[in-house]
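These notes concern the structure reproduced below.
Fair warning: this is a prediction, and the values are worked out from it, not measured in the lab.
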Amino acid sequence: MGRIEWAMWANEQALAAGLILVTGGIVAVAGQFKRWEIAVYAIVAGVFVCFLEYPRGKRKKGSTLERCGQKYFTAAVKTCGPLTRNYYVRAVLHACLAVPAGYLLATILGTVCLAIASGIYLLAAIRGEEWRPIEAKSQERPQVGGTIKHPPSNPPPRPPAEARKKQKEEEPTGQENPIEVIS
C-alpha cells in the first residue's frame, strides 16, 4: 500500500483556511465589529496564506495536477528558498498567523482551519516531506512518418495478423464469392 503524502492534504487545508480567513475578515469589517482591526489582520493574513499555498508541490510518485496560473506563483514562492520549502517553517508560520485571528468570532473558523493545516504540515515535516516545485516537462511530439512503419495494404475490416499470415500461405489467389450472382 502507498504512503500518504501529508503535504498535499495540508496544502488544500491551508488554502481553504486562507479563503475562510479572508471571508470572515470581510464580514467583520463590513459588519463594523468592535475589533475590526483583527478583521483587517485576518484579511491580510488570509491573502498571504493563499499566496503561499496556491502553488501545489510536486508529489514524490505519480503525477501532480497543476493549478491554473500556478507557474507565476511558483516562481515567487521559489525565490524565498528554504523558508517556503521547509514544512517545519510553514507549520510554525501558520500557527503564528492563526493566533491573533482567534480573538474575533467572524474569523475563528479560519483560525481553526489554519491550526489544523499547521498540524498536518508538522506531520509532513516529521515524515521528511519537502515542497518541490512542479516543472513543466517538454513533451516531444512523435513524428507522423516515424510512428507508422508500414501502412495497411487491405481495407478494413481486417482479420487479425495471424489469420492474414495463414491466408497468404494457403491461398495466394483472390477470394471466391460463396453466393451465386445472377444477372
Between A39 and V29, which heavy-atom pair has the shortest distance, and what is it? CB-CG2, 3.6 Å

Contact between L52 and H94 at the side-chain level, heavy atoms closer than 4.5 Å - yes or no? yes

Side chain to side chain, L123 and R127, heavy atoms closer than 4.5 Å: yes

Single-linkage hydrophobic cluster V27~I38, side-chain heavy atoms < 4.5 angstrom: no

Sequence neighbours excluded, every pair satisfying ring-ring contact (aromatic ring centres under 6.0 Å, His included) that has a member inside residues 11-42: none

Tell me whether the count of non-hydrogen atoms from other residues, nucleotides or ligands lying under 6.0 Å of CZ in F51 goes above 12. yes

Go through it in stages, so that I can follow the logic: the residues are Y121 and V89, the test is side chain to side chain contact (heavy atoms under 4.5 Å, CB included), and I'd like the CA-CA distance, side-chain angles, deciding distance and then a yes or no. CA-CA 9 Å; Y121 267 132; V89 173; over 6 Å; no

Kindly work out whether a path of hydrophobic side-chain contacts (I/L/V/M/F/W/Y, heavy atoms less than 4.5 Å apart) joins F48 to L114. yes

In residues 4-15, what donor-acceptor pairs under 3.5 Å come from side-chain atoms, sequence neighbours left out?
unit_1 : atom_1 : unit_2 : atom_2 : d
E5     : OE1    : K60    : N      : 3.4
E5     : OE2    : K60    : N      : 3.2
N11    : OD1    : R67    : NH1    : 3.2
N11    : OD1    : R67    : NH2    : 3.3
N11    : ND2    : E53    : O      : 2.8
N11    : ND2    : E53    : OE1    : 3.0
E12    : OE1    : R67    : NH2    : 3.2
E12    : OE2    : R56    : NE     : 3.3
E12    : OE2    : R56    : NH2    : 3.3
E12    : OE2    : R67    : NH2    : 2.6
Q13    : NE2    : C113   : O      : 3.4

Enumerate, atom names and distances included, each donor-acceptor pair closer than 3.5 Å involving a side-chain atom of residues 17-26, sequence neighbours excluded.
unit_1 : atom_1 : unit_2 : atom_2 : d
T23    : OG1    : L19    : O      : 2.8

Keeping R90 on the side-chain end and S118 on the backbone end, is there a donor-acceptor pair under 3.5 Å? no

For I108, all residues meeting side-chain contact (heavy atoms from CB on, under 4.5 Å), sequence neighbours excluded: L105

Pair listing, salt bridge (charged side-chain N to carboxylate O under 4.0 Å, His left out) test, anchored in residues 100-116, at least two apart: none

What pairs with E130 under side chain to side chain donor-acceptor pair (under 3.5 Å), at least two apart in sequence or on another chain? none

